[in-house]
Amino acid sequence: MRLKTKLSLGIGFLFVVILVFGTLSIISFMRLRNDSAHVLKNNHETLMYCNNILKALDETKTNPQAYAIIDSNITKQEANITEPGEKEATVLLRKSFEELRLHPDDSSNYPEVRQSLQVINLLNQQAIMRKSKAAEETAETATTWLTIIFSILALIAFTLAVNFPSVISRPIRALAEGITAIAQKNYQKRIHLEQHDEFGELANAFNSMAQKLDDYESSNLAKIKFEKSRIETIINQMKDGIIGFDEGNNVLFINAVAEGLLGIREKDIVGRYAADIAVKNDLMRTLLQDGQSKKELKIYADNKESYFSKDVFEVKNEAQVIGQVIVLRNITPFHELNEAKTNFIATVSHELKTPLSSIKMSARLLTDNRVGVLNNEQHELIQSITDDADRLLKITGELLNMSQVETGNIQLRMQPASVESMIEKAVQATLLQAQQKYISIKTSIAAGIPEINADVEKTSWVLINFLTNAIKYSPESAGILITAVQQNGVVEVTVKDQGRGIDEKYLSRIFDRYFKVPGTHERTGTGLGLAISKEFIEAQGGRIWVNSKLNEGSEFGFALKVAQG
Ligand code: ADP
C-alpha cells in the first residue's frame with residue numbers, strides 16, 4: 001500500500017471514529033431529551049392541572065372564579081390524556097365536577113372530585129416513575145455502548161499511534177544508514193524494504209544508485225590497476241634507476257636497475273623509512289644527503305665503475321608535494337666518450353705542439369739576414385705565420401690544460417707567491433697586444449700586500465687570460481685597471497675593463513666550458529679560458545667571479561688565501 005494511501009486511511013479512520021462517536025453521542029442525548037420532554041409534556045402538565053383543580057376546590061366558597069378555573073383545567077386535562085385508565089378517571093372527574101357545580105352545597109360531591117383527581121394523579125405519577133426508569137435505562141444503554149465503542153476505538157487509535165510513526169521512521173532510518181555508508185565509500189550497501197510504497201521506490205532507487213557507484217568504483221579500480229601495472233612495466237624496463245618516496249619519505253617503489261645499484265630487493269624496502277635504509281646502505285645515504293644536488297655519482301655497476309647523474313622530481317597533487325622520485329641516469333657511455341674526446345684532444349694538442357714550435361722557429365730563422373734578405377711583403381707574411389703559430393700554440397695550450405682539468409690531473413705547486421710580481425709578469429706578457437690597440441693598463445696594488453699561497457704558473461695563466469680577454473673585448477684607447485687588495489685573510493685581484501661588457505643573462509654560464517657569448521665575432525678563442533681559470537683557482541682553494549654590465553665593462557676577479565707565516 002502506498003504511503004499516501006496509508007496516511008489517508010489513518011486520517012480517514014480517525015475522522016470516521018470522530019463521526020461515529022459524535023453521532024452516537026448525539027443520538028443518545030436526543031433520545032434522553034425526548035424521554036424527559038415526554039414526561040414533562042404528558043404527565044407533569046396533568047399533575048399541574050390536578051394541583052390547580054385541588055387548589056380551586058378549596059376556594060369555591062371564597063373565590064367566585066374557582067369553578068371557572070376548575071372547568072378550564074379539566075378541559076386542558078381532557079386534551080392531555082396519555083396513560084391507560086386516565087380517560088375513564090377524567091370522564092369521572094368531569095361528571096363529579098358537573099354535579100358539584102349544580103349542587104355546590106352538597107358536600108358529598110367534593111370527595112368524588114378529589115377521588116377522581118387522586119386516580120389521575122396516581123396514574124401520572126406512576127407513569128413518571130416508569131418513564132424516568134426507562135430514561136435511566138436508555139442512559140445506561142447509551143453509556144455502555146458508548147463505553148464499548150470508545151474502548152474499541154481508543155484501542156485502535158492507540159495501536160495506530162504506536163505503530164504508525166514506525167511506518168515512517170523505520171524506512172527513513174534505513175535510508176539514513178544507507179546514505180552514511182555510501183558517504184563512507186561502502187558501495188556494497190543495499191537497503192531491503194519489503195514495501196510497495198514511496199519508501200520502497202526510494203529504496204530501489206538508492207540500491208540502483210549504489211550498484212552504479214559500485215560498478216564505477218570497480219571499473220575505476222580496474223583502470224587504476226591496469227595503469228599501475230603499465231607504469232610499473234615501463235619503470236622496470238627503463239635503463240635508469242628509479243626510486244619513489246611518499247611525503248613521509250618512505251620508499252614507495254624501486255625499479256630493477258635501482259635494486260641492482262642499491263643492492264637491495266624491492267620487497268625488503270618498500271614501505272620502509274628511507275633514513276632507516278640509509279643507515280646500512282651507503283648509496284641511499286648519499287642520495288638522501290645530497291638532496292637536490294646534481295652531482296655525478298660514481299657507482300660500481302655492470303662490473304665496472306659507472307657514472308650516474310641524479311635527478312630529483314617532486315610529485316605534486318595540485319600545489320601540494322606528495323612525494324618525490326629520484327632518477328639515477330646512467331651516463332657512463334657519455335663519460336667514456338668524453339674521456340675518449342679528452343684523450344684525443346690531449347694527444348692531438350700534444351702532437352701539434354712540436355710541429356708548431358718548429359714552424360715558429362723556422363719563421364724566426366727566415367727573418368735572419370744570414371739566411372737571405374727578405375723584402376717587406378715577405379716580412380709581413382712571415383710575421384703573419386708567426387702570429388698564427390702563436391695563436392695555435394695558445395689554443396693547443398688551452399686544450400692541454402683543459403684535458404688536464406677534465407681528467408682531474410691538475411698538478412699544483414703551491415708556494416708563497418708575490419701578487420705584485422705575478423701582476424707585473426702578466427702585464428708584460430700582454431703589453432704588446434695592449435699597445436697594438438693603444439690600451440693603457442694601470443695597476444693599483446694596496447700597500448703592504450702580503451704574499452699568497454698559490455701555484456705561480458697557473459695563477460699567472462689566469463691573470464694573463466683575464467688581461468687578454470680585457471684587451472680583446474675593449475675598444476681601442478680604452479683603459480684597463482688591475483687592483484689587488486687584502487680582505488679577511490685573502491687577496492683579491494681584479495681586472496677591470498671598459499669594454500663591451502656581458503649581458504646579465506649569460507653571466508651564470510660564463511665559466512662553462514666552450515661557452516662564448518653569442519654574437520662574439522672574435523675568430524680566435526675556444527671558450528675554454530675562463531673555464532680553465534675557474535678550475536685552476538678553485539683547485540687552489542680560491543674563489544673566482546665576474547661583475548659585468550652590457551656596454552659598461554667587465555670586472556673579472558679571483559681571491560686566494562694569504563700565505564701563512
Ligand atoms: P675565449 O677564449 O673565447 O675568450 P673565455 O673562456 O676566455 O674564452 O671567455 C668566454 C667568453 O666570455 C668570451 O667568448 C667572451 O664572449 C666573454 N668574455 C670574456 N672576457 C670578457 C670581457 N672582459 N669582456 C667581455 N666579454 C668577455
Side-chain angles (χ1 to χ4, degrees), residues 342 345 348-349 352 356 387-406 410 423 426-427 429-444 457-484 492-539 542-559:
T342 309
I345 289 174
V348 170
S349 321
L352 282 176
L356 279 172
D387 288 350
D388 285 342
D390 279 341
R391 223 170 280 145
L392 279 171
L393 271 175
K394 186 178 174 274
I395 290 171
T396 46
E398 276 182 2
L399 287 172
L400 265 177
N401 278 332
M402 198 63 229
S403 42
Q404 256 189 39
V405 164
E406 284 188 347
I410 306 177
I423 292 173
V427 173
T430 53
L431 200 60
L432 203 67
Q433 288 174 51
Q435 279 169 353
Q436 279 168 0
K437 286 180 85 174
Y438 312 107
I439 287 173
S440 65
I441 301 176
K442 288 207 175 81
T443 53
S444 157
E457 199 190 318
K458 296 199 164 47
T459 312
S460 303
W461 192 96
V462 173
L463 214 45
I464 292 169
N465 187 55
F466 282 178
L467 269 174
T468 319
N469 280 343
I471 297 165
K472 201 158 47 168
Y473 301 110
S474 286
E476 285 193 353
S477 311
I480 291 173
L481 176 66
I482 306 172
T483 58
E492 290 181 359
V493 181
T494 55
V495 176
K496 196 172 178 177
D497 64 54
Q498 298 161 336
R500 64 168 176 227
I502 303 162
D503 196 332
E504 204 186 329
K505 64 182 175 210
Y506 301 122
L507 283 178
S508 61
R509 295 170 59 197
I510 207 79
F511 293 106
D512 288 353
R513 286 168 208 176
Y514 307 106
F515 179 77
K516 289 163 115 184
V517 172
T520 306
H521 299 301
E522 302 298 327
R523 276 187 302 112
T524 56
T526 52
L528 282 174
L530 289 176
I532 295 169
S533 302
K534 185 170 187 281
E535 296 287 346
F536 279 179
I537 295 296
E538 286 179 356
R543 188 167 65 83
I544 193 165
W545 68 88
V546 60
N547 292 317
S548 185
K549 269 210 175 125
L550 198 61
N551 302 326
E552 283 182 25
S554 313
E555 180 198 88
F556 284 87
F558 64 80

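Both counts, for ligands and for their atoms, begin at 1 and track the order of listing.
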Contacting atoms of ligand 1, where contact means under 4.0 angstrom from a heavy atom of Thr526: 2 (O), 3 (O)

To which of Ile532, Asp503, Val517 does the heavy atom nearest atom 17 (C) of ligand 1 belong? Val517

Minimum distance, heavy atoms only, to atom 26 (N) of ligand 1: which one of Ile502, Leu467, Leu550 is it? Ile502

Out of all atoms in ligand 1, which are within 4.0 Å of some heavy atom of Gly527? Include the element for each. 1 (P), 2 (O), 3 (O), 6 (O), 8 (O)

Determine whether a donor-acceptor pair (N or O, by modelled atom type, separation under 3.5 Å) exists between the side chain of Asp497 and the backbone of Gly553. no

Just by distance, do the side chain of Lys534 and the backbone of Ile544 share a donor-acceptor pair under 3.5 Å? no

Side chain or backbone, does Arg500 bring an N or O within less than 3.5 Å of an N or O on ligand 1? no

Checking Ser474 side chain against Ile471 main chain: does a donor-acceptor pair fall under 3.5 Å? no

What about Phe556: any of its N or O atoms under 3.5 Å from an N or O on ligand 1? no

Tell me whether the count of non-hydrogen atoms from other residues, nucleotides or ligands lying under 6.0 Å of CD in Gln433 goes above 12. yes

Heavy atoms only, cut-off 4.0 Å: how does Phe466 contact ligand 1, side chain, backbone, both, or neither? neither

If we ignore hydrogens and angles and just use 3.5 Å, is the side chain of Gln498 paired with the main-chain N or O of Gly479 as donor and acceptor? yes

Do any nitrogen or oxygen atoms of Gly501 come within less than 3.5 Å of a nitrogen or oxygen of ligand 1? no

Rounded to the nearest 0.5 Å, how far apart are OG1 of Thr494 and CG of Leu463? 10.0 Å

One should read off an interatomic distance between Thr459 OG1 and Ile537 CD1, to the nearest 0.5 angstrom, of 5.0 Å

Indicate yes or no: does an N/O atom of Glu398 lie under 3.5 Å from an N/O atom of ligand 1? no

Can a non-hydrogen atom of Gly499 be found less than 4.0 Å from any atom of ligand 1? no

Going by the order shown, which atoms of ligand 1 are within less than 4.0 Å of some heavy atom of Ser554? 22 (C), 24 (N), 25 (C)

Locate the shortest heavy-atom distance separating Phe515 from Ile510; write the atom from each residue and the value. CD2-CA, 3.9 Å

Could you list the atoms of ligand 1 found under 4.0 angstrom from a heavy atom of Lys516? 3 (O), 14 (O)

Glu504, CD atom: more than 12 neighbouring heavy atoms under 6.0 Å: no

For Gly529, is at least one N or O under 3.5 Å away from an N or O on ligand 1? yes

Using a strict 4.0 Å cut-off to heavy atoms of Phe515, name the atoms of ligand 1 that fall inside it. 10 (C), 11 (C)

At what distance, to the nearest 0.5 angstrom, does CG of Leu467 lie from CD1 of Ile482? 4.0 Å

Location of contacts on Asp497 toward ligand 1, heavy atoms closer than 4.0 Å: side chain

